[in-house]
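In what follows, a single structure is set out as structure tokens and then discussed.
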Amino acid sequence: MTETRFDPSSADGRWQSAWTQAGTFTADSNSDKPKSYILEMFPYPSGRIHMGHVRNYTMGDVLARYKKMRGCEVLHPMGWDAFGMPAENAAMEKKVHPGAWTRSNIEAMKAQLQRIGFALDWTREFATCDPEYYGHEQALFLDMYEVGLVYRRSSEVNWDPVDMTVLANEQVIDGKGWRSGAEVEKRKLDQWFLKITDFAEELLDGLGGLEDWPDKVRLMQENWIGKSQGLEFSFDLSSGEKLPVYTTRPDTIFGSSFVAVAADHPVAQALAADNTEVRDFIAECKRGGTTAAALETAEKLGYRTPITARHPFTGEAMPLFIANFVLMDYGTGAVMGVPGHDQRDFEFATKYGLPIVRVVASDPALADAPMGDEAEPGDGVIVNSDFLDGKSVGEAKADVIARAEQGDWGNGTTVWRLRDWGISRQRYWGTPIPFIHCKACEIVPVPKDQLPVTLPDDVDFEIPGNPLERHPTWKHTTCPKCGGAAERETDTLDTFTNSSWYFLRFASQPSDAPFDPAEIAKWMPVQHYIGGVEHAILHLLYARFWTRALSHISKFDVKEPFAALFTQGMVTHETYSLGDGSWLSPDEVRKDGADWVTVKDGTPVTSGRVVKMSKSKKNVVDPDNIIAQYGADAVRWFMLSDSPPERDLPWSESGIEGCYRFVQRLWRLFGQYDANAAGEDKALARKAHQAIVAVAEDIEALGFNKAVARIYELTGAAEKAVSSESRNFAIRAVLHLIAPMMPHLAEEAHERIGESALIADAPWPEHDPTMLVEDEVTIAIQHKGKLRDTITVPKGAAKEDLEAFALASEKVQRSLDGAEIRKVIVVPDRLVNIVT
RNA sequence: GCGGGUGUGGCGGAAUGGUAGACGCCGGGGACUUAAAAUCCCCUGAUCCUAUAGAUCGUGUGGGUUCGAGUCCCACCACCCGCACCA
């Protein structure tokens, strides 16, 4: 062969077809090899693959191909998280059907992924908008309903009166709908919920076993679940009612000087009924902004009611306030105010002139020490608290809870920050919720043999609101129970539901059931799950919940879906802007000397911060163009080089060019493989054996950037060496080490050196343990901790010899300059440090 | 405010408490060429210098432990991320 250049434009496609034809990456669940399930978070079919996807899937791909080389049966599937709002927005803006829009996006993106040469098992591909998939999802939802994990209640939602739809919190910006700009209303609607709170304790405890998850994600989930333990008890009110409150600090109960309820609390609402002042105050509380800045500076506001609350121990009558800082949906919506030891209560008491009593002190002698200008929430010893005096905070908590329980006026309780998961969406493009509303029988599940409840195709998006709601016929049906006229539920499931079990469907796809437990037992849990950190809470928590819930109802025996999680960094790019603040894309600018100017007319351009690629900043680079220009392998290599995978990767033109140069460099090196070569080059052979081990370790630790660096080193050494058997070994080693990373080049070169089989099916190269050890080492010689000289000695040289060699060094002698040697530290095979 | 992370050359980054800056990019010099591209070779932390040598400084800042600290401990600074009136 004489080609001097590797041509990706012909090689890439050829090998991609070869893998497809051979079924190289089709997972065989009957194989007796050890199983390895590698999964990247499946994409939303937005229309184009972006660099973030490329990075994500390249990492997973290297792992999948590596595992295969290591003798595993690998499951590495791909599918589409295909329901969601962008499809409906497209329908409204471009007058296309959400389904058609989604399908054509999937087709385009699949072609893009295939051009990158990912080792995916496309036989298992599905989209969550396939009726087969969402039909099984409806069945699982009904299973959960049967065991009481699904319920319906009235709940407050963000309602956009113009678009006539419910908005998620993220879609409300400064109190206005993100699309319509209309003032968002709070509305009470009947909503479906999943009882994730039943699993709060389990989901929290389960985090402890997820050792191969990033600590950061575990912590985020822990905080989100938000377990807190304390006392729930009731105050007797002067109005004759009882007011339940929750506190995590029952130990400070003697420091309580007021009681406060939320503006939406029933007690406040009752007062508002015949008092305009109260009504006005409540309205003011609700008006307060919800932005971070608004909360930061929000003043504590209260309305003093004529009601008093009786202290359970002292019997003292404490004033009852309606306060803007008390939340209705946490605890009981009412709190006991302890100004001395809670900052919010402190601010409130200061403003309304309420007593601030110290009940915790660092030392009992400081019981009467005045309070400073802020609350003291810390630990200490209890003071000014009758029978609690002298106890620690912990003891006092236990004591108060015990007395409350004995006296039957309170209970130790656990309160969670985690709420039940509201899954109703007044949207078209989602899984229909499989229930029927009947006047006589109320809520009736759709019988399973009538699933899937499919979406109607003939819908229009001309009018705002839910197309299912106003469809002429779709919702009208008969009651499965009584046979009378009834209506279908027109809400659809939150799209996060679709991604909560897709990994189970990848593992097995029977048509008559959501999954096959025997297959799940073979493949689950996912060995490596890779995706963006933005899913740290919602998706990953929901997926954990579904897995546990399904496991709980004996569908299978897997508790945690993802054994190891890896959250990769973003792909970033420099930004370019004109003087007027408008952004320019990378291909609209060029470098003119040290400055940036527009390609069009040379107008000066300001280059700005390196940030995540985004359409709004126009700093995006389209993978397709890059692949067309440099080939898939150069892009894949770039994605793995330089930046550690968990950190951001700055895209650069020169970087991708460097990768392309390396592809060609390797091609030339592989071309120098000489089947007739003879002779040994022990140093090079040693480097090759070391690299085989080191690259494997790096890949297993997902340290791709380090693996890349080692491959560069071995390549450089092999290039410099003269032809020999050892050099052939090194060249073959490089070829196999890059195979998971640059598979097209690897296949092409593998064929060129005369191999007929696919390198994708080849095993990882063997190494000789005896070749890992160097026989000479370079020793550092220090004087007073500073490097003075280095010497090369046989490995394992005796301490005394090392010391003698060190002292013999001319440089060392010069540095010593006759000083008296107090001590000599010798670390074998490492260094000698002379202390004077 | 609470929680977490990061900080090393011009840039991305390497470095079981043991030679800081591997590897890549950028930059400089040279070879090849009519020329260019491609390729190859050399140099590339800073300062000093009597310059093939040598010295000093150097991993955000200030302390500490140690024969020896990018790495361990204490305090601080900056930036990034998450949560946020959670009782």
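Throughout, a chain's letter reflects where its sequence line sits, starting with A, and its residues are numbered from 1. All heavy atoms count here, side chains included; hydrogens, waters and symmetry mates do not. Just so it is clear, the model here is predicted, and its values are computed rather than measured.
- Ranking B/A87, B/G54, B/A14 by closeness to the A/Y246 side chain, first place goes to B/A87.
- Base pairing analysis places B/C23 opposite B/G12; the two distances defining the Watson-Crick or G-U wobble pair are each below 3.5 Å.
- B/G18 and B/G27: their C1' atoms are spaced 33 Å apart (whole Å).
- Of the candidate nucleotides B/G24, B/C41, B/U16, B/G24 has the atom lying nearest to any side-chain atom of A/D642.
- Pair assignment for B/G54: B/C48, on the basis of Watson-Crick or G-U wobble contacts that are both within less than 3.5 Å.
- Atom P of B/G12 sits at a distance of 7 Å from the matching atom of B/U8, rounded to the whole Å.
- Contact annotation: A/K216 side-chain N/O to B/G82 OP1/OP2 distance is not under 4.0 Å.
- Here the C1' atom of nucleotide B/U16 and the CD atom of A/E697 are 12 Å apart, to the nearest Å.
- Contact between the side-chain N/O atoms of A/R5 and the OP1/OP2 oxygens of B/A37 is not found at any separation under 4.0 Å.
- Following rounding to the nearest Å, A/H265 (NE2) and B/C86 (P) show an atom-to-atom distance of 17 Å.
- The aromatic ring centres of A/F233 and A/Y246 sit 6.0 Å or more apart.
- Contacts of A/Y712 with the nucleic acid, taken as non-hydrogen atoms under 4.0 Å apart, involve only primed sugar atoms and P, OP1 or OP2.
- As judged by a 4.0 angstrom heavy-atom cut-off over every strand, A/S652 is placed among residues making no nucleic acid contact.
- Along RNA chain B, the nucleotide closest to A/I834 and the one closest to A/S654 are compared, and the more 5′ of them pairs with A/S654.
- Across the P atoms, B/C23 and B/C42 are found 12 Å apart, a figure rounded to whole Å.
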Would you sort out whether A/R358 and A/E376 count as a salt bridge (charged side-chain N to carboxylate O under 4.0 Å, His left out), showing the intermediate values? CA-CA 9 Å; A/R358 173 186 292 283; A/E376 294 177 16; 2.9 Å; yes

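- Annotation: of the two residues near RNA chain B, A/L831 and A/P644, the 5′-most nearest-nucleotide partner is A/P644.
- Between A/R814 and A/E810 there is a salt bridge, since at least one side-chain N of the basic residue sits less than 4.0 Å from a carboxylate O of the acidic one.
- A/R788 contributes no side-chain N or O that forms a donor-acceptor pair with the base of B/U19 under 3.5 Å.
- Within the 4.0 angstrom heavy-atom criterion, only backbone atoms of the sugar-phosphate kind lie near A/V835; the bases stay farther away.
- One finds no side-chain N or O of A/N223 lying less than 4.0 angstrom from the OP1 or OP2 phosphate oxygen of B/C2.
- Comparing B/G13 with B/G24, their C1' atoms are spaced 9 Å from each other, to the whole Å.
- Rounded to whole Å, the C1' atom of B/U44 lies 32 Å from the corresponding atom of B/U34.
- Across all strands shown, A/D342 has no heavy atoms under 4.0 Å from either base or sugar-phosphate atoms.
- At a threshold of 4.0 angstrom between heavy atoms, the contacts of A/N705 are confined to the sugar-phosphate backbone, with no base atom among them.
- In this structure, A/R5 forms no cation-pi arrangement with A/W667, as its terminal cationic atom is not both closer than 6.0 Å to the ring centre and no more than 45° off the ring axis.
- Note: NE2 (A/H341) to C1' (B/C85) measures 19 Å, nearest angstrom.
- Backbone-only contact: A/E713 has heavy atoms under 4.0 Å from sugar-phosphate atoms and none from a base.
- With both pairing distances under 3.5 Å, B/G1 is matched to B/C83 as a Watson-Crick or G-U wobble pair.
- A close approach under 4.0 Å does occur between a side-chain nitrogen or oxygen of A/Y330 and OP1 or OP2 of B/A87.
- Atom P of nucleotide B/G24 and atom CG of A/L666 are separated by 12 Å, given to the nearest angstrom.
- Atom-to-atom, CZ of A/R665 to P of B/U39 comes out at 10 Å; the value is rounded to the nearest Å.
- Not a single donor-acceptor pair, N or O on each side, falls under 3.5 Å between the base of B/C67 and the side chain of A/K784.
- The A/A709 side chain lies nearest to B/A22 when the options are B/G3, B/A22, B/C85.
- B/G17 and B/G68 have their C1' atoms separated by 8 Å, given to the nearest Å.
- The A/S643 side chain lies nearest to B/G12 when the options are B/C41, B/G12, B/G18.
- Annotation: B/G7 and B/A55 have their C1' atoms spaced 30 Å apart (nearest Å).
- In a base pair of the Watson-Crick type (N1 to N3 plus N6-O4 or O6-N4) or a G-U wobble (N1-O2 and O6-N3), with each distance short of 3.5 Å, B/A75 is matched with B/U61.
- Residue A/K786 has no polar side-chain atom (N or O) positioned under 4.0 Å from OP1 or OP2 of B/C67.
- Counting any heavy atom pair closer than 4.0 Å across all strands shown, A/V338 reaches no nucleic acid atom.
- One side chain, A/Q690 or A/E774, offers a donor N or O that lies under 3.5 Å from an acceptor on the other.
- Between the C1' atoms of B/U16 and B/C72, the separation comes to 14 Å (whole Å).
- Counting to the nearest Å, the P atom of B/C40 and the CD atom of A/Q672 are 10 Å from each other.
- A/R814 has no side-chain polar atom (N or O) that falls below the 4.0 Å cut-off from OP1 or OP2 of B/G54.
- Phosphate proximity of B/A14 to A/R710: absent, as no side-chain N or O sits under 4.0 Å from OP1 or OP2.
- In this structure, A/V357 and A/S257 have side chains that are not in contact, with every pair of non-hydrogen atoms separated by 4.5 Å or more.
- The phosphate of B/A87 has neither OP1 nor OP2 within less than 4.0 Å of any side-chain N or O from A/R417.
- Phosphate proximity of B/G7 to A/R647: present, with a side-chain N or O under 4.0 Å from OP1 or OP2.
- In this structure B/G28 sits in the anti conformation; its chi angle is more than 90° from 0.
- Interatomic distance, A/W409 CH2 to A/F313 CZ, rounded to the nearest 0.5 Å: 4.0 Å.
- The residues A/R710 and A/D698 are annotated as salt-bridged, a charged nitrogen and a carboxylate oxygen being separated by less than 4.0 angstrom.
- The pair A/D829-A/K795 meets the salt-bridge criterion, since a charged nitrogen lies less than 4.0 angstrom from a carboxylate oxygen.
- Using a 4.0 Å heavy-atom criterion, one finds that A/R661 contacts the sugar-phosphate atoms exclusively.
- In this structure, the CG atom of A/L802 is 15 Å from the C1' atom of B/U19, given to the nearest Å.
- Rounded to whole Å, atom P of B/G4 lies 7 Å from atom CG of A/L219.
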